[in-house]
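Just follow the structure's listing: the first ligand is 1, and inside any ligand the first atom is 1.
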Amino acid sequence: MGFLFGRSYVTLALMVCVLAPCQAKGALSTKFYAKTCPGVATIVRSVMARAVAKEPRMGASMIRLFFHDCFVNGCDASILLDDTPTFTGEKNAGPNVNSVRGYEVIDAIKARVEAACNATVSCADIVALASRDAVNLLGGPTWNVQLGRKDSRTASGSAANANLPGPGASAASLVAAFAAKGLSPREMTALSGAHTVGQARCLFFRDRIYTEQSINATFAAERRQTCPQTGGDGNLAPFDDQTPDAFDNAYFKNLVAQRGLLPSDQELFNGGTQDALVRKYSGNAGMFATDFAKAMVKMGGLLPSSGTPTEVRLNCRKVN
Ligand code: HEM
Ligand SMILES: *[C@@H]1O[C@H](CO)[C@@H](O)[C@H](O)[C@H]1NC(C)=O
Ligand SMILES: *[C@@H]1O[C@H](CO)[C@@H](O)[C@H](O)[C@H]1NC(C)=O
């Protein structure tokens, strides 16, 4: 009986695929483009290698781009859609405007991928591959990327504002924001380790360096030099001032030393539930690397809810 039921499901699935192109419905695969675009991973890696060699921060920006895509209606390249006179998407939503970067690098990758395999590889998969390469090119772990995502035909600025946690978030609200995406507190803390690379603007860490007690005094004084109490909102500081471009476990060492940059960073080591894990990651780079890679794969599995119209965009900035 069970066997027959099993077979009839398979038959049904095959029929559906004949009538309409098969869509990835939670069934991603590392081999998705093995026949249709075998060179895609090599293309992404080579464009990323050049971009990171030119500007290491671009690696950090690409990792963040993936996070901000996946947390808003799934990893569907919704963040890449440009606003138009009649459409407002995610690029100019609070967490993204003047902040998320790397769109030109995605365009450059997409151009080369289209030249090799027209209308085949989604922009969402390009972002997933590019962020994996970014981590590795900066010295972090690598992993096999699950592929087969489709691109959205819309984007939601309000969902970006609602789903992406801000720099003032408490530990409890960080846990809740990730739980809402099916990610555990441990995965939240591992993923936050991405703040071992890249930079943040003064307006996001000013409160921390002027008002918080849980901060190393030397560190606060250093940061105040380029982040005044008024003005200088856009002035940048590295998350990790010792190895700003190395994807290592320094983020956690910094937290233990009360050298977290954002208020939300130090929240993970402030007498709360994540302290023990932060301490472990600070002393065990391998454990962090393994957990981070696994959590990136899991976050990359967030997909738009079924029934959402999708496509493979030809230009990542606009719907077909
Ligand atoms: C846990 C909650 C998180 C909060 C509250 C948060 C907040 C922020 C903020 C405020 C910035 C600076 C933006 C700016 O100054 O314009 C930033 C940068 C960054 N975030 Fe997060 N973030 C979080 C989680 C993550 C995760 C999960 C990742 C990736 C896995 C990530 C990767 C990055 C990277 C790499 C940068 C630097 C980007 C660059 O230099 O261009 N963040 N984040
Ligand atoms: C790529 O595919 C699209 C849609 O199938 C088509 O309109 C376009 O002309 C193709 N471009 C090239 C260069 O083949
Ligand atoms: C703060 O960091 C400095 C290193 O820059 C260190 O020498 C000092 O001991 C730290 N202060 C405290 C209170 O941990």
**Request:** Find the distance between CZ (Arg50) and CD1 (Ile109) and round it off to the nearest 0.5 Å.
**Result:**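 CD1 of Ile109 is found 10.0 Å from CZ of Arg50.
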Contact table, ligand 3 N/O with protein N/O, distance under 3.5 Å:
{"residue": "ligand 3", "atom": "2 (O)", "partner": "Asn216", "partner atom": "OD1", "Å": "3.2"}
{"residue": "ligand 3", "atom": "2 (O)", "partner": "Asn216", "partner atom": "ND2", "Å": "2.4"}
{"residue": "ligand 3", "atom": "2 (O)", "partner": "Arg259", "partner atom": "NH2", "Å": "3.3"}
{"residue": "ligand 3", "atom": "5 (O)", "partner": "Arg259", "partner atom": "NH2", "Å": "2.5"}
{"residue": "ligand 3", "atom": "11 (N)", "partner": "Asn216", "partner atom": "ND2", "Å": "2.9"}

**Asked** Does Leu81 sit in a hydrophobic cluster with other residues, and if so which ones, taking ILVMFWY side chains as linked at heavy-atom separations under 4.5 Å, directly or through other members?
**Response**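 Members besides Leu81, by chain and number: Phe87, Val319.
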**Prompt:** Which heavy-atom pair separates Ala60 from Leu138 by the least distance, and what is that distance?
**Reply:**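 Residues Ala60 and Leu138, closest heavy atoms: N-CD1, 3.9 Å.
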**Prompt:** If every non-hydrogen atom of Val197 is compared with every non-hydrogen atom of Asp245, which pair is closest and at what distance?
**Reply:**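 Looking at all heavy atoms of both residues, the closest pair is CG1-C, 3.9 Å.
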**Request:** Take the angle between the ring planes of Phe247 and Phe292 and call it parallel below 30°, perpendicular above 60°, tilted in between.
**Result:**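 Phe247 vs Phe292 ring planes: tilted.
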**Asked** Taking only residues two or more places apart in sequence, or in another chain, which ones meet Arg64 in a side chain to side chain contact (heavy atoms under 4.5 Å, CB included)?
**Response**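 So Arg64 forms a side chain to side chain contact (heavy atoms under 4.5 Å, CB included) with His68, Ser99, Val100.
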**Check ion pair Lys253-Asp248 (N to O, under 4.0 angstrom)** =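 Salt bridge flag = no for Asp248 with Lys253.
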Write none if no such pair exists; otherwise list each N/O atom of ligand 1 with its protein N/O partner under 3.5 Å and the distance.
{"residue": "ligand 1", "atom": "15 (O)", "partner": "Arg201", "partner atom": "N", "Å": "2.7"}
{"residue": "ligand 1", "atom": "16 (O)", "partner": "Ser99", "partner atom": "OG", "Å": "2.5"}
{"residue": "ligand 1", "atom": "16 (O)", "partner": "Arg201", "partner atom": "NE", "Å": "2.9"}
{"residue": "ligand 1", "atom": "16 (O)", "partner": "Arg201", "partner atom": "NH2", "Å": "3.1"}
{"residue": "ligand 1", "atom": "20 (N)", "partner": "His195", "partner atom": "NE2", "Å": "2.9"}
{"residue": "ligand 1", "atom": "22 (N)", "partner": "His195", "partner atom": "NE2", "Å": "3.0"}
{"residue": "ligand 1", "atom": "40 (O)", "partner": "Arg57", "partner atom": "NE", "Å": "2.7"}
{"residue": "ligand 1", "atom": "40 (O)", "partner": "Arg57", "partner atom": "NH2", "Å": "3.3"}
{"residue": "ligand 1", "atom": "40 (O)", "partner": "Gln199", "partner atom": "N", "Å": "2.9"}
{"residue": "ligand 1", "atom": "41 (O)", "partner": "Arg57", "partner atom": "NE", "Å": "3.3"}
{"residue": "ligand 1", "atom": "41 (O)", "partner": "Arg57", "partner atom": "NH2", "Å": "3.3"}
{"residue": "ligand 1", "atom": "41 (O)", "partner": "Ser61", "partner atom": "OG", "Å": "2.7"}
{"residue": "ligand 1", "atom": "42 (N)", "partner": "His195", "partner atom": "NE2", "Å": "2.9"}
{"residue": "ligand 1", "atom": "43 (N)", "partner": "His195", "partner atom": "NE2", "Å": "3.0"}

**Message:** Under a 3.5 Å cutoff, is there a donor and acceptor pairing between the side chains of Arg259 and Thr218?
**Reply:**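 Side-chain D/A pair, Arg259 to Thr218: absent.
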**Message:** For Phe239 and Tyr251, I'd like to know if the aromatic rings sit close, meaning centre-to-centre distance below 6.0 Å.
**Reply:**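 Not close enough - the centres of the two rings lie 6.0 Å or further apart.
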